[in-house]
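To start, the structure under review is shown below, and the notes come after it.
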Amino acid sequence: FGLSTTLGTDIRTPFYWNIAPNYDYTITPRFMSKRGVLFGNEFRFLTPEFSGTLLYDVISNDRQTDDSRDYTGVRLDYAGQGALSGLAAGVNYNSVSDDNYFVDFASTILGSSQKVLPQDAFVSFTQPFWNSAVRVTKNQTLQDPLAPVVPPYERVPQVTLNGFVSDWRGLEAGVAFEGTRFVNPELPLPEGSRIVINPRVAFPFQSAGWFVIPRAQLSATYYSMDAENFRYETSQSRVLPILSLDSGLIFERDGAWFGRAVQQTLEPRLYYAYIPCRDQSTLPNFDSALADLNYVQFFTENIYSGYDRIVNA
C-alpha cells in the first residue's frame, strides 16, 4: 500500500500459484487510482539443464497517457549435462513500451533510474584449461530530454577464446583472444571491428606470511573501422608491454578487544606497474572508461576498463 502524487492510492497484492515443485506463477494486480490496474506476471521454471524467469507487466490503459504500457523480461539459462557438459547458453532480454515506464511505475529510486536495458544472448563452452563464447549484446536506451544518455555500443557479435594454466612448473600463464564488431544504430558514431590478443605470464613466490608476484603481459589491439564518421586511418593497431610486481607481508596475532577474542592483522603491500606511453588519440573508444576507485583497483595495472584505453604508468 502506498500514496503517490503521480499514482494516487497504490495497492498491490500478489497471488502465488505453486504449479509443481519446479514451476510456479505469480500474478500481482496493482491498483493505482490515478493510472488504472497494472498486472504483473512472473513465471519461473527449473530443470536439470534449463532454468528461466518470464516477466510481463502490463497496464492496458494508463489514464494519464491514454496508452497501453508494458515491460517484458526474459531470463533463460542452459547448462549442458553428460556428453554436453561444458556447454552453456543464456538469454537476458528486457524491453519497455516507452522511455518513462520505470520513472512512472518503479517503486524505488534505483528502479526508476534505469536507463540501459540489456538484450543479450550467448553460447559458451568451458573445459579445464580453456573456454570460448559467442555473445550478442544489444540494448534499449531510455532517454530523458533533460538528461540525454549516450547509447552504448552494441556488440554484434563478440567472440572470445581464453586459455589458462594455473601451475606449470610454478608459472601461471594465460592468453585471451577477443574479436568484436561494434555498432551504434541510434547515433552517428564511428563503427568498426576490434581484435584483442592478450598473452600473460606470472611467476608467484609465496609463503604463509609473504608473497612476491612478478607479472608480464602483452596487449595487442587491432582496429578495422568503417570510413563513415571516422576521421582517422581506418586500420590501426597498438601493442603495449605491461609489467607489474606485487608484493606484501602478512602479520597476525591474537588479542582481546573489550574482553572478546580478536585477531589483529597488519598487511603492508607494495605494488609497482610499468606501461610505456603510446599516443592513443586517433584510436576509437568503444568501451573504455575510468574504472571505479576501490581496493582491488589499487593493485591493477590499468586504471581504465575495457581494451580501448591503456594508461601510461
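The analysis underlying the following values was restricted to heavy atoms, covering all of them including side chains, and did not include hydrogens, waters or symmetry mates.
Heavy atoms from other residues, nucleotides or ligands lying under 6.0 Å from CD of Glu267 number more than 12. Counting non-hydrogen atoms of neighbouring residues, nucleotides and ligands closer than 6.0 angstrom, the CZ atom of Phe129 reaches no more than 12 such neighbours. Counted within 6.0 Å of CG on Leu110, heavy atoms from surrounding residues, nucleotides or ligands total 12 or fewer; the atom is thus considered open. Around atom CD of Glu233, no more than 12 heavy atoms belonging to other residues, nucleotides or ligands sit under 6.0 Å away. Summarising the local packing, CG of Asp292 is surrounded by 12 or fewer heavy atoms from other residues, nucleotides or ligands at distances under 6.0 Å. With a 6.0 Å radius and a threshold of 12 heavy atoms from other residues, nucleotides or ligands, Leu266 has its CG atom above the threshold.
Ser281 and Tyr232 make their closest contact through O-CE1, 4.0 Å (heavy atoms, listed as atom of the first residue, atom of the second, distance). In this structure, Ala291 and Gln297 approach most closely via the heavy-atom pair CB-OE1, 3.5 Å. Residues Arg181 and Ser193 approach most closely at CD-OG, 3.4 Å, considering heavy atoms. Scanning both residues, Thr65 and Arg35, for their nearest heavy atoms gives CG2-NH1, 4.4 Å. The minimum heavy-atom distance between Gln127 and Gly86, with the atom names listed, is NE2-CA, 4.5 Å. Here the closest heavy-atom approach between residue Asn41 and residue Asp57 is recorded as N-OD1, 3.4 Å.
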Decide yes or no on side-chain contact (heavy atoms from CB on, under 4.5 Å) for Asp70 and Tyr56, but give the supporting numbers first. CA-CA 7 Å; Asp70 61 78; Tyr56 184 63; 3.8 Å; yes
Verdict with reasoning, Tyr304 to Leu290, per side-chain contact (heavy atoms from CB on, under 4.5 Å): CA-CA 4 Å; Tyr304 292 100; Leu290 281 173; 3.6 Å; yes
Pair Thr141, Asn139 - check side chain to side chain donor-acceptor pair (under 3.5 Å), show working. CA-CA 6 Å; Thr141 304; Asn139 63 80; 2.9 Å; yes
Please assess Thr47 against Asn22 for the test side-chain contact (heavy atoms from CB on, under 4.5 Å), listing each intermediate value before the final yes or no. CA-CA 7 Å; Thr47 71; Asn22 60 328; 4.2 Å; yes
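Between Pro190 and Asp226, every side-chain heavy-atom pair lies at or beyond the 4.5 Å cut-off. Using a 4.5 Å heavy-atom cutoff, the side chains of Phe299 and Ser244 are not in contact. The side-chain heavy atoms of Leu117 and Phe102, taken from C-beta on, include a pair separated by under 4.5 Å. Side-chain contact between Arg75 and Leu55: present, with at least one pair of heavy atoms (C-beta onward) separated by less than 4.5 Å. With contacts defined as side-chain heavy-atom distances shorter than 4.5 Å, the pair Tyr101/Leu142 does not qualify. Put simply, the side chain of Val58 reaches to within 4.5 Å of the side chain of Ser68, judged on heavy atoms. Inter-residue side-chain proximity for Ile275 and Ile242 is flagged as met; some heavy-atom pair is nearer than 4.5 Å.
A distance of 4.0 Å separates OH in Tyr25 from CD1 in Ile27, rounded to the nearest 0.5 Å. Going from atom CG of Leu245 over to atom CG of Leu270 covers 7.0 Å, rounded to the nearest 0.5 Å. Rounded to the nearest 0.5 Å, atoms CD (Glu191) and CE (Met225) are 8.5 Å apart. Atom CD of Gln140 sits about 7.0 Å away from atom OH of Tyr93, to the nearest 0.5 Å. We find the CD-CE distance between Gln64 and Met32 to be 10.5 Å, quoted to the nearest 0.5 Å. The CG atom of Asn285 sits 8.0 Å away from the OH atom of Tyr153 when rounded to the nearest 0.5 Å.
Using a 4.5 Å cut-off between side-chain heavy atoms of Ile, Leu, Val, Met, Phe, Trp and Tyr, with links allowed through other members, Trp17 and Phe15 fall into the same hydrophobic cluster. Both Phe182 and Leu187 belong to a common hydrophobic cluster when Ile, Leu, Val, Met, Phe, Trp and Tyr are linked at side-chain heavy-atom distances under 4.5 angstrom. A continuous path of Ile, Leu, Val, Met, Phe, Trp and Tyr side chains, each step under 4.5 Å between heavy atoms, connects Leu293 with Tyr271, placing both in one hydrophobic cluster. Criterion: ILVMFWY side-chain heavy atoms under 4.5 Å apart, direct or through other members. Under it, Val123 and Val74 are part of a common hydrophobic cluster. Both Leu87 and Val91 belong to a common hydrophobic cluster when Ile, Leu, Val, Met, Phe, Trp and Tyr are linked at side-chain heavy-atom distances under 4.5 angstrom.
Between the side chains of Thr282 and Gln236, at least one donor N or O sits under 3.5 Å from an acceptor N or O.
In this view, Phe122 satisfies the ring-ring contact (aromatic ring centres under 6.0 Å, His included) rule with no residue, not counting sequence neighbours. For Phe39, there are no ring-ring contact (aromatic ring centres under 6.0 Å, His included) partners two or more places apart in sequence or in a different chain.
When the options Val183, Thr180, Val136 are evaluated for a side chain to side chain contact (heavy atoms under 4.5 Å, CB included) with Arg155, the one that passes is Thr180.
Within the structure, every pair that satisfies the side-chain hydrogen bond (donor to acceptor under 3.5 Å, both in side chains) test and touches residues 78-92, not counting sequence neighbours, is listed here: Asn92-Asn94. The stretch residues 103-126 participates, sequence neighbours left out, in these side-chain hydrogen bond (donor to acceptor under 3.5 Å, both in side chains) pairs: Arg69-Asp104.
Between the side chain of Arg30 and the backbone N or O of Phe105, at least one donor-acceptor pair lies under 3.5 Å. The backbone N or O of Ala289 sits less than 3.5 Å from a side-chain atom of Ser305, completing a donor-acceptor pair. Although no hydrogens or angles enter the test, the distance criterion places no donor-acceptor pair under 3.5 Å between the side chain of Thr72 and the main chain of Ser95. The closest donor-acceptor contact from the side chain of Glu301 to the backbone of Tyr274 lies at 3.5 Å or more, if one exists at all. Counting only distance, with no hydrogens or angles, the side chain of Glu228 and the backbone of Leu189 share no donor-acceptor pair below 3.5 Å.
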Distance-only donor-acceptor pairs under 3.5 Å for side chains of residues 306-313, two or more places apart:
residue, atom, partner, partner atom, Å
Asp308, OD1, Arg194, NH1, 3.1
Asp308, OD1, Tyr223, OH, 2.5
Asp308, OD2, Arg194, NH1, 3.1
Asp308, OD2, Phe286, N, 2.6
Asp308, OD2, Asp287, N, 3.0
Arg309, NH1, Pro284, O, 3.2
Arg309, NH2, Leu283, O, 2.9

Give the table of side-chain donor-acceptor pairs shorter than 3.5 Å for residues 205-222, with sequence neighbours excluded, one pair per line with atom names and distance.
residue, atom, partner, partner atom, Å
Gln217, OE1, Asn198, ND2, 3.1
Thr221, OG1, Arg238, NH2, 3.1

